[in-house]
Amino acid sequence: MTTLAGTRHIVWDWNGTLLDDNHAVVSAVNTVCAEFDREHIDIDEWRAVFSRPLLQCYERLLRRSLDEQDWARIDVLYHDAYRELLDSCGLAVGVPNALQDWAKTGRSQSLLSMWFHDELVDLVTARGLFELFARVDGLRAEIGGGSKAEHLRRHLAAQELEARDVVLIGDVLDDAHAAEQAGTNCVLVTTGVTSRAALERTGRPVVDSIPEALALLAAA
């Protein structure tokens, strides 16, 4: 386990961490629910059921087993509905100022997301954040839903970073699991689709905002 005091580089998550997209996520999930005759849910219900792998998550949500055809259909339904609301998604409280302040310390930061790479680059660029990151990596696959751990390992290797020098800041349990498997530290924020109680059970530090996360690193 690394310590926060040794942090030289931050790997940021995007959806639910730097991007405030909860309303778009719930709306897109409800598009899937409607198609599968499941009643609509709210953010608290999604937080209660959300986990990776996403296939099993949706099987619990929809109360049925899902085959490959179902999963491909869900993937299209969700992402089409989510994309329609992307323009209405703002940045999390404290962004970009907190990221700019980190950059002024001379330490580095990068972005790793499970959102599709080409679209991610466009989103980050449109919001004026791209130049703040040493590297931006998204998902390079047609259908998402896998684990973030291997993506994190490749992301670190591409930058020749030592895991002990890195902290991953994200909003879901998969971020904590990825950090554990890659050997980095992790700070979790309650801004996304996972409840505080679930985040705290990981044993990782949990905060309520991006500025609080960076204050934690500064105090270490």
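These numbers come from a predicted model, not from an experiment.
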Donor-acceptor contact present, side-chain [X] to main-chain [Y], <3.5 Å:
{"X": "Asp80", "Y": "Leu77", "result": "no"}
{"X": "Asp67", "Y": "Asp70", "result": "yes"}
{"X": "Gln109", "Y": "Leu99", "result": "yes"}
{"X": "Trp14", "Y": "Leu120", "result": "no"}
{"X": "Thr191", "Y": "Gly16", "result": "yes"}
{"X": "Glu45", "Y": "Asp42", "result": "yes"}
{"X": "Glu59", "Y": "Leu66", "result": "yes"}
{"X": "Arg164", "Y": "Thr7", "result": "no"}
{"X": "Thr125", "Y": "Asp122", "result": "no"}

Atom [atom1] in [X], atom [atom2] in [Y]: separation rounded to 0.5 Å?
{"X": "Leu214", "Y": "Asn97", "atom1": "CG", "atom2": "CG", "answer": "11.0 Å"}
{"X": "Trp115", "Y": "Leu139", "atom1": "CH2", "atom2": "CG", "answer": "10.0 Å"}
{"X": "Cys33", "Y": "Glu39", "atom1": "SG", "atom2": "CD", "answer": "7.5 Å"}

Open item on the list: Is there a side-chain contact (heavy atoms from CB on, under 4.5 Å) between Thr190 and Val207? Walk through the geometry before answering.
Closed with: CA-CA 6 Å; Thr190 62; Val207 296; over 6 Å; no

TODO: Check step by step if side-chain contact (heavy atoms from CB on, under 4.5 Å) holds for Leu173 and Thr202.
DONE: CA-CA 8 Å; Leu173 298 181; Thr202 67; 3.5 Å; yes

What pairs with [X] under side chain to side chain donor-acceptor pair (under 3.5 Å), at least two apart in sequence or on another chain?
{"X": "His40", "value": "none"}
{"X": "Gln56", "value": "none"}
{"X": "His177", "value": "none"}

TODO: Under the ring-ring contact (aromatic ring centres under 6.0 Å, His included) rule, what do Trp46 and Tyr58 come out as? Steps first, then yes or no, please.
DONE: CA-CA 10 Å; Trp46 182 236; Tyr58 274 98; 5.7 Å; yes

Closest heavy-atom contact between [X] and [Y]?
{"X": "Ala179", "Y": "Asn185", "answer": "CB-O, 3.8 Å"}
{"X": "Leu129", "Y": "Pro96", "answer": "CD2-CB, 3.4 Å"}
{"X": "Cys186", "Y": "Arg204", "answer": "N-NH1, 3.4 Å"}
{"X": "Asp175", "Y": "Lys148", "answer": "OD1-NZ, 2.8 Å"}
{"X": "Ala182", "Y": "Ala163", "answer": "O-CB, 3.3 Å"}
{"X": "Arg8", "Y": "Arg107", "answer": "O-CB, 3.3 Å"}

Open item on the list: Given the ring of Phe36, does Arg73 sit roughly above its face, with NZ or CZ under 6.0 Å from the centre of the six-membered ring and within 45° of the axis?
Closed with: yes

Decide whether [X] and [Y] meet the rule of one side-chain donor and one side-chain acceptor closer than 3.5 Å.
{"X": "Arg60", "Y": "Ser51", "value": "yes"}
{"X": "Arg38", "Y": "Asn30", "value": "no"}
{"X": "His155", "Y": "Asp137", "value": "yes"}
{"X": "Asn15", "Y": "Ser113", "value": "yes"}
{"X": "Thr17", "Y": "Asp171", "value": "yes"}

TODO: Take Leu111 and Arg135 through the side-chain contact (heavy atoms from CB on, under 4.5 Å) test and state the conclusion after the steps.
DONE: CA-CA 6 Å; Leu111 184 65; Arg135 186 179 178 89; over 6 Å; no

Task: Pair His23-Cys89, side-chain contact (heavy atoms from CB on, under 4.5 Å): steps then yes or no - done: CA-CA 8 Å; His23 69 286; Cys89 298; 3.7 Å; yes

TODO: Verify the cluster assignment for Leu86 and Val76: are they in a single hydrophobic cluster under the rule of side-chain heavy atoms below 4.5 Å apart?
DONE: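 In one cluster: no.
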
